[in-house]
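Below: the structure, in structure tokens.
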Amino acid sequence: MGRGQAKQMDQQVNRPTIYQFKFGECVITNILEGYLHRDDLHPFVATNAVASEIEDLAREYQLPFPALEHNFVATIIQTPEKLIVIDPGFGGAAPAPTTGWFERGLTEAGYVLGDVDVVLISHCHPDHIGNVAQNGKLTFPNAQVVIGRIEFDYWKRGEGVSKMREPTLALFQKVLLPLEDQMRFIEPDDEIVPGLTAVNAYGHSAGHLVFKLSTGDKELILLNDATPHYVASFANPDWHFVMDDDAEMAAISRRRVLEMATIENLPVIGFHIPFPAIGYVERRGGGYEFRPATYQFNLP
Ligand SMILES: [Zn+2]
């Protein structure tokens with residue numbers, strides 16, 4: 001092997017970063033905004049489990065332990081009326097060069113920043129709000145920012161925020177608070193645009209929302225951060241994710257939205273599910289199992 005080849009081998013290998021498909025009357029694009037490698041599967045995905053339980057589960061699913069890859073997957077929905085971006089990632093708050101790739105994905109998907117009509121925010125953690133504005137200017141110049149009223153008010157009050165969340169509060173104050181007058185605030189069950197409805201998933205953050213899309217004769221659920229790990233969060237929804245602000249409430253919400261997807265047999269997209277972050281939910285034991293999609297969404 002020559003020197004040039006050896007150098008190339010050291011560099012980041014390529015991987016797919018967009019997945020686009022037709023769904024009802026919409027075009028949906030999932031964008032890999034980035035990933036972080038960590039070495040703490042336990043306790044990261046289950047602070048209230050013992051390490052051996054998580055290690056056994058990882059082995060069962062052919063996953064390493066304790067290493068993991070945490071994905072960040074933004075979603076774009078092009079409806080007949082509007083172009084909606086859901087949780088556009090870290091942006092200027094990117095913690096590593098392996099994150100902050102949203103705009104590259106947007107371009108590859110065939111859109112420009114000015115095309116976006118709505119930026120929909122599930123909650124105010126950095127990986128979801130960092131890219132809404134840079135230096136006081138909206139990243140998406142023609143977009144209206146839509147966010148849950150409970151979530152916005154919680155961070156605006158800024159009371160009872162944990163030590164771990166102090167940087168989150170600072171980012172909220174820098175990125176979102178100055179935009180308050182131009183935002184639209186929603187409640188659970190409100191319709192964001194025709195066919196896209198907010199669903200209460202409080203707990204991961206004070207006012208965390210997930211979303212249900214109905215288009216033509218099809219429906220799906222965007223789980224956002226209700227399922228932070230594609231094995232553990234499904235296998236035992238009562239396990240506490242280290243990033244859950246109110247872990248008990250997050251577990252109740254997780255069960256509720258997974259039950260909703262299971263009963264109606266709806267496909268799900270998850271912000272932290274490994275790219276392309278889409279699949280189905282089945283009941284398994286006292287919990288659930290995520291079945292990654294293969295070609296289902298490539299067919300008409
Ligand atoms: Zn997140």
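Throughout, numbering of the chain's residues begins at 1 and tracks the sequence. Every number for a ligand or one of its atoms is a count from 1 in the order of the listing.
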Qualifying residue for ring pair (Phe, Tyr, Trp, His ring centres under 6.0 Å) with F290, from Y61, Y280, F234:
F234
Do Y295 and F297 have their ring centres less than 6.0 Å from each other?
no
Hey, would you say the F72 and F90 ring centroids sit under 6.0 Å apart?
yes
For the Zn ion (ligand 1), count the protein N, O or S atoms found under 2.8 Å away.
4
V161 side chain reached by W155 side chain, heavy atoms, under 4.5 Å
yes
Sort and list the pairs that fulfil salt bridge (Lys or Arg N to Asp or Glu O under 4.0 Å) and have at least one residue in residues 134-150, not counting sequence neighbours.
R149-D153
Would you mind telling me which of H208, H204, R165, H123 makes a side chain to side chain donor-acceptor pair (under 3.5 Å) with D245?
R165
